[in-house]
Amino acid sequence: MTHLGYLLGGWGVAAVLLTVYAVSVVRRGRALSVSVPEDKRRWLTSQNPTDD
Amino acid sequence: MTNPTSSVATTGSPGSRALGLATLAGLVGLLVLAFVLTEPDVRIHPSTGQEIGQFDAVRLLYLHVPMAVITYVAYSLAAFASAGYLIKRTPWWDVTAHAAAEVGTVFCFLVLVTGSIWGRPVWNTWWEWGDVRLMTTLILFLMFVGYLALRRTAADPRVQARRAAVVALVAIVDLPLVNRSVEWWENRTLHQKSTLGELKIEDLTLFTLMVGFLVFLMVFSWLLLHRFRVGWLTLAAGEHQVAAAIKERRAEADGSGVASAVGETS
Amino acid sequence: MKSLLSEAWLVASKDLRIEARSRVLTNQVAPFAVLVLVLFGFALDADQRTLRMFAPGLFWVAVLLCLLLAVQRSSAVESADDAATGLRMAGLAPAAVFLGKSAAIFVQLLVLELLLTAGIIVFYGSSVKNLFLWLIAGLVTALAVATTGMLYGALASGLGVRETLLPILLLPVLAPVLIGATRAYDDALGAAAVDGWAWTGLLAMFAVVASTLGALAYGALVED
Amino acid sequence: MVRVGGRRRYRYGVPVIQLCDVVALLGRFPALAGASLSVEAGETVLLQGPNGAGKTTLLRLCAGLVRPESGQAQVLGHDLSVDGRPVRRQVAMLGHATGLYEDLSVAENVSFWAQAAGLDKSLAAQRATGALGRMGLDERLLSLPVSRLSAGQRRRASLAALAVRRPQLWLLDEPHAGLDQTGRNVVDELISDAVAAGATVLVASHELERVRSLNPRVVTVAGGLIVKDTGGPK
């Protein structure tokens, strides 16, 4: 395969960054969930948050 | 306060978990299509008979092109939600705008990086000044870096929401002008003549690109959903804190040694 | 409309009088502008011919750097002893405050453009080939950047990080203005064969959008 | 005790300030945690209470500078949760800052604020001279830039800039702070003149003895609440 280094670099950077970002979002969510009562986390009851 | 239910407190829901699994499966499928099933881009030059084209570098486009489109979708959504916030002034719009802008900026960064990596073997340069789409995307990226910087300041949440909304709207209004000016700036643009236009779009290449759009749209939706919920939780945690602080402050008044003798005065 | 303009004039004349008294423009910003031109000369290590070629771009980069200072100063004048609250209490139309303060920045930028033109003539050996284009493009660009700068000054004000936040918010938005103004001056100073008037049109469009949007949005930004 | 002022803009019995269970936030801190207060036209109200009780926020809320988070807040007949702007232009608020431009002279400052409040140039200049004279600022001082004035002189100039607007509601936050004996007397005169002209005055002060000579209604603020009130309108 030609340009293998570029391919690995491009897909690799995307994979790493998206994974890191996804993990950070999930972890921020977990940290916050602990301090919020369940009724405020409305996706537990309705899956499509809508406008107030 | 701890979560009364036994399940771990997360931003997940059955729907988002299903979406997450489907996204992972889609990513695997996309990798197979992009690296195994599709052919490299090789053409024969009509006069010299040499082999030309992007060769295997074309496989970067299955990542780059869908992400580029979704970046613009994300920023449009951010601007739309910002306008919604300025009209309706309800937190839902603000949290949506913030989430879309943040996820969009992650995508935009990747678009710039993968574009640059792709450009090196194909255009023989990491960076092409004067390329309209490249420059427009870079300026857009920088404007939203500013947006996120503003969102990270310790301002009153509502002041911040209003200002950020204006920044996002101005960024989108400014974008056509950026695009115009770069286009006029140099009458050359590498993008049009050497990407999709000249790429021999075979059935499978096109199909893979379409799968790429779908899969990255799913990635985007999953991230957006969870990022929205983080924003919503931040808001709820803030309200919770305020409610506790009000209670505490009222207790402080009761403990001040002055008899509470207010009552209705009118 | 009449009261809007007279209120704007009140604010603009107040700001200009403050600048005339404090001499910040003449004692600090103007020397800084000339210094930037000289530094470009050192950095590019160039003979006058190269510098002449780059003069339009360097000119407008210097203007944008001065704009940052002018906007910071304009905002600092109001926040120093919380006159900003006074303006909110006075019942002036927010659009009038916006237009007035922008006008004051606009006038200061015109003075700086004049000085910088003299600077590039002296240091870079440029010459104004098309006086009318030089004048109109200079005016229109000053208007575009003054109003945009004022809007972003309001966006970044009162956050405690105004000095660092303003450039990152403002400069990307001004990218098309920088390109347009540079090309217009390429024509006006004879540095490159382009149609300066077409660019001036684009700049004028930017100026109109920026002043309208700014006048409309400013109220929402300074309230509460 | 009800003070009936001379000139009245409001129907008798309609309060100038009507707060009901008002919560106001500074960031996430509830500076007001459910304050209720009703003030009628012509009253002089002294707000007292420890530091951090919420006096300043109460005044800023009444000035239309801080939005109520919850509860009802009406000032001069306008609902503050809708828009503070119509209230702001009818109210004079003296805060901790003086709101003067250092590089302009005292006369220029006062005349600018008068014009900003909608007076035309000659009337503004005329009222400015009058107000500055009443605040006991020497004529020689008027052409000096504010940066050359002492803290006390600045405060007087700042009060003059408010007086030219002839407001119906005065909100004074520690007006005596940093003033010498003459300055304090001038402030007291300003308050009694305003009341005599039918205006309503709210003063937050620690100088209880001084303000008591004006025979005010005393409201005690603590923990973001009104905890004691010597008497509202009956």
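What's counted below: heavy atoms across the whole structure, side chains too, no hydrogens, waters or symmetry copies. The chains referred to below are lettered A, B, ... by the order of the sequence lines, with proteins before strands, and numbering in each begins at 1.
- With a 4.5 angstrom heavy-atom cutoff, C:L171 does not touch chain B via any of its atoms.
- Within the 4.5 angstrom heavy-atom criterion, no atom of C:A210 approaches chain B.
- Taking C:V173, C:V209, C:L159, C:L165 one by one and counting their heavy-atom pairs under 4.5 Å with chain B, the maximum is reached by C:V173.
- Summarising the local packing, CZ of B:F109 is surrounded by 12 or fewer heavy atoms from other residues, nucleotides or ligands at distances under 6.0 Å.
- Rounding to the nearest 0.5 Å places CZ of B:R162 at 7.5 Å from CG of C:L221.
- Of residues 64-77 of chain C, not one residue has a non-hydrogen atom less than 4.5 Å from any non-hydrogen atom of chain B.
- By the neighbour-count criterion of 12 heavy atoms within 6.0 Å, atom CD of C:E163 is densely surrounded, having more than that number from other residues, nucleotides or ligands.
- The environment of OH in B:Y72 is crowded: more than 12 heavy-atom neighbours from other residues, nucleotides or ligands sit within 6.0 Å.
- Within residues 166-176 of chain B, the residues approaching chain C closer than 4.5 Å by heavy atoms are, in numerical order, B:V166, B:V167, B:V170, B:V173, B:D174.
- C:P172 approaches B:I139 most closely through the heavy-atom pair O-CG2, 3.4 Å.
- Heavy-atom pairs under 4.5 Å with chain C peak, among B:L140, B:L177, B:V178, at B:L177.
- Within a 6.0 Å sphere centred on CH2 of B:W127, heavy atoms belonging to other residues, nucleotides or ligands number more than 12.
- Counting heavy atoms of neighbouring residues, nucleotides and ligands inside a 6.0 Å radius, atom CZ of B:R89 exceeds 12 of them.
- Neither the backbone nor the side chain of B:F141 comes within contact range of chain C; no heavy atoms are under 4.5 Å apart.
- In this structure, CZ in B:R163 is found 10.5 Å from CG in C:L169, a value given to the nearest 0.5 Å.
- Heavy atoms only, all atoms of each residue included: B:G146 and C:I168 are closest at CA-CG1, 3.8 Å.
- For C:L155, the parts sitting under 4.5 Å from any heavy atom of chain B are the backbone and the side chain alike.
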